[in-house]
Amino acid sequence: MADRGDGSRHRASYVIGADGANSLVRRRFTAPFRRDQLSIATGFFAHGVCSDEIVIELTPKPPGYIWSFPRPGHLAIGICAQADAGIGAAALRDRTRDWIARTRIAEGAALEPYSWPILR
Ligand SMILES: Cc1cc2nc3c(=O)[nH]c(=O)nc-3n(C[C@H](O)[C@H](O)[C@H](O)COP(=O)(O)OP(=O)(O)OC[C@H]3O[C@@H](n4cnc5c(N)ncnc54)[C@H](O)[C@@H]3O)c2cc1C
């Protein structure tokens, strides 16, 4: 039996949650995903810079990669690591910022930070 949010109740044999890594369905019916089930993706949207190149650099620590994906009007630049890898979103974003400075891939861009959890 589930509360539908409007005060009414609904009975179903199955509930399929397709609402992502922060799943409300999962939190409501079981438990949130644990950190060891999640990765963190974080970085910057670099507004005002365009490219026709996808750039990827593999990183050993934490194991993963930094990417720059071109989008209309901006680059989506980021890094991903397991959430329990011992490095937080702020430190990962600093690495992305350092990579942007070193590669000069987004010179003059306005950097808009982002972070998302991803299921492993
Ligand atoms: C920066 C980044 C890069 C990625 N790169 C890759 C990649 O290269 N390869 C790969 O395989 N995967 C990649 N992923 C992961 C991939 O995006 C996810 O694994 C995939 O989108 C998960 O699909 P999903 O349907 O489970 O959830 P989502 O795509 O997150 O969809 C969930 C949906 O539920 C909706 N929703 C959430 N809560 C509610 C609510 N309370 N009420 C109503 N609607 C709600 C959301 O609006 C959304 O539309 C990447 C993710 C990120 C963030």
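All values reported here derive from a predicted model rather than from experimental measurement. Every heavy atom of this structure was used, including side-chain atoms; hydrogens, water molecules and symmetry mates were not. In each ligand, atom 1 is the first atom listed, and ligand 1 is the first ligand listed. Residue indices begin at 1 and follow the sequence shown.
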Enquirer: Going by heavy-atom distance to atom 41 (N) of ligand 1, choose the closest among Ile77, Leu24, Ile40.
Expert: Leu24
Enquirer: Is atom 15 (C) of ligand 1 close to the protein, meaning a heavy atom under 4.0 Å from it?
Expert: yes
Enquirer: Counting only heavy atoms on the protein side, is anything nearer than 4.0 Å to atom 43 (C) of ligand 1?
Expert: no
Enquirer: Would you confirm whether the ring centroid of Phe45 sits within less than 6.0 angstrom of the ring centroid of Tyr114?
Expert: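 Close enough - the centres of the two rings lie under 6.0 Å apart.
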Enquirer: Quick one: which ligand 1 atoms are inside 4.0 Å of a heavy atom on Gly20?
Expert: 27 (O), 30 (O), 32 (C)
Enquirer: For atom 10 (C) of ligand 1, decide whether some protein heavy-atom distance is shorter than 4.0 Å.
Expert: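 For atom 10 (C) of ligand 1 the answer is no, since every protein heavy atom stays at 4.0 Å or beyond.
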Enquirer: Describe, in one word, how the ring planes of His74 and His47 are oriented to each other, choosing from parallel (under 30°), tilted (30 to 60°) and perpendicular (over 60°).
Expert: tilted
Enquirer: Using the side-chain contact (heavy atoms from CB on, under 4.5 Å) criterion, which residues pair with Asp84? Sequence neighbours excluded.
Expert: Asp36, Gln82, Arg120
Enquirer: Does even one non-hydrogen atom of Ile118 get within less than 4.0 Å of ligand 1?
Expert: yes
Enquirer: Quick one: closest heavy-atom pair of Ala46 and Ile77, and the distance?
Expert: CB-CD1, 4.1 Å
Enquirer: Short check: is a protein heavy atom less than 4.0 Å from atom 33 (C) of ligand 1?
Expert: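 When distances to the protein are checked, atom 33 (C) of ligand 1 has a heavy atom within 4.0 Å.
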Enquirer: Going by a strict under-4.0 Å cutoff (protein heavy atoms only), does atom 49 (O) of ligand 1 have a neighbour on the protein?
Expert: no
Enquirer: Is at least one protein non-hydrogen atom found at under 4.0 angstrom from atom 20 (C) of ligand 1?
Expert: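 No; the ligand atom in question lacks any protein heavy-atom contact below 4.0 Å.
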Enquirer: Does the protein place a non-hydrogen atom closer than 4.0 angstrom to atom 24 (P) of ligand 1?
Expert: no
Enquirer: Against Ser68, only a single residue in Thr103, Val55, Ile100, Ile56 fulfils side chain to side chain contact (heavy atoms under 4.5 Å, CB included); can you say which?
Expert: Val55
Enquirer: Just jot down the ligand 1 atoms closer than 4.0 angstrom to any heavy atom of Ala18, in number order.
Expert: 32 (C), 33 (C), 34 (O)
